[in-house]
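To start, the structure itself, in C-alpha cells.
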Amino acid sequence: MPADGRRRGGPDVRGAVSPRLADEHVRFAVYLDKLQRVADANEADLVSRVLADPERTMAQSAVLRYLGHRATDLYLGPAYSGWVQTMTQATIDHPFLTWRLREWPLFRAVTLKLPWQPDNLPASSNWLQLKTAAGTNAKAGEILAEAGRTKRIRQTARASLTHRSES
C-alpha cells in the first residue's frame with residue numbers, strides 16, 4: 001500500500017457478486033474480498049452495490065467490517081477526511097453505518113490529541129468507548145475510567161492509565 005494509505009488498482013465493481021447466490025455466507029466472504037481489492041475510484045460504488053443486497057444485515061455487516069479496516073488504515077493520514085465524507089455519502093441510507101462513520105473522527109481526534117469535546121466521549125457508543133479506553137490519551141482514559149458505560153470499559157481505561165503510569 002502506498003505511503004498515503006490509498007490503494008491503487010484492484011478489480012472494478014462490474015465484477016460484483018450477484019445477490020442471487022443462494023448462501024449469504026458465501027456472498028459475505030466474496031463481498032469482503034472484493035471490498036479489500038477495489039480501486040479507490042470504484043470504492044463508493046462497490047459499497048453501494050453491496051448494501052443493495054437483499055440480505056440487509058449481512059450486507060451491512062460486510063460493509064461495517066470493511067469500513068473498520070479501511071478507517072484503521074487511513075485515520076492517521078491526510079486521506080482520511082475525504083474518504084470518510086465519500087463513505088458517509090455511500091452509506092447515507094444505512095443509519096448504523098453513518099453513525100459509526102461519525103464516531104471515527106472523535107476516535108481520531110482523541111488518538112492524535114487533536115481538539116475534541118470531552119462531553120462527547122461518555123455519550124458515544126460502547127464500541128468507541130472501549131476502543132478509546134485502550135488507547136494512550138490520558139484525558140480520555142480518566143473520563144472513561146469514571147464515566148465509561150460498562151464495567152469492561154471502565155476497567156480497560158483504568159488498566160490503560162495504570163500501564164501508562166508504570167511506563
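Position 1 is the first residue of the sequence; numbering continues from there. Just so it is clear, the values below take in all heavy atoms, side chains as well, and ignore hydrogens, waters and symmetry mates. Keep in mind the model is a prediction, meaning the values are calculated, not measured.
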Taking the side chain as every heavy atom from C-beta outward, state whether [X] and [Y] have any atom pair closer than 4.5 Å.
| X | Y | value |
| --- | --- | --- |
| Gln36 | Arg70 | no |
| His25 | Met58 | no |
| Glu146 | Arg154 | no |
| Ser48 | Leu51 | no |
| Arg56 | His94 | yes |

In terms of side-chain geometry, is the basic nitrogen of Lys131 or Glu103 positioned less than 4.0 Å from the acidic oxygen of its partner?
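Salt bridge between Lys131 and Glu103, a charged N being under 4.0 Å from a carboxylate O: no.
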Looking at Arg37 and Asp33, is there a salt bridge between them, counting it only when a charged N and a carboxylate O are closer than 4.0 Å?
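Salt bridge between Asp33 and Arg37, a charged N being under 4.0 Å from a carboxylate O: yes.
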Under 3.5 Å, side-chain donor or acceptor atoms of residues 134-145 against the rest of the protein: list the pairs with distances, not counting sequence neighbours.
residue, atom, partner, partner atom, Å
Asn137, OD1, Lys139, N, 3.0
Asn137, OD1, Ala140, N, 3.0
Asn137, ND2, Val110, O, 2.8

Once side chain to side chain donor-acceptor pair (under 3.5 Å) is applied, what residue pairs with a partner in residues 107-124 remain, sequence neighbours excluded?
none
Can you tell me how the ring of Tyr80 sits relative to the ring of Trp83, calling it parallel under 30°, perpendicular over 60° and tilted otherwise?
tilted
Minimum heavy-atom distance Ile153-Asn126, with the two atoms named:
CD1-O, 3.8 Å
Mind checking side-chain contact (heavy atoms from CB on, under 4.5 Å) for Leu64 and listing every partner two or more places apart, or none if nothing turns up?
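Phe96, Leu97, Arg100.
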Quick one: do Trp99 and Trp127 satisfy ring-ring contact (aromatic ring centres under 6.0 Å, His included)? Show the steps, please.
CA-CA 12 Å; Trp99 177 51; Trp127 169 83; 8.7 Å; no
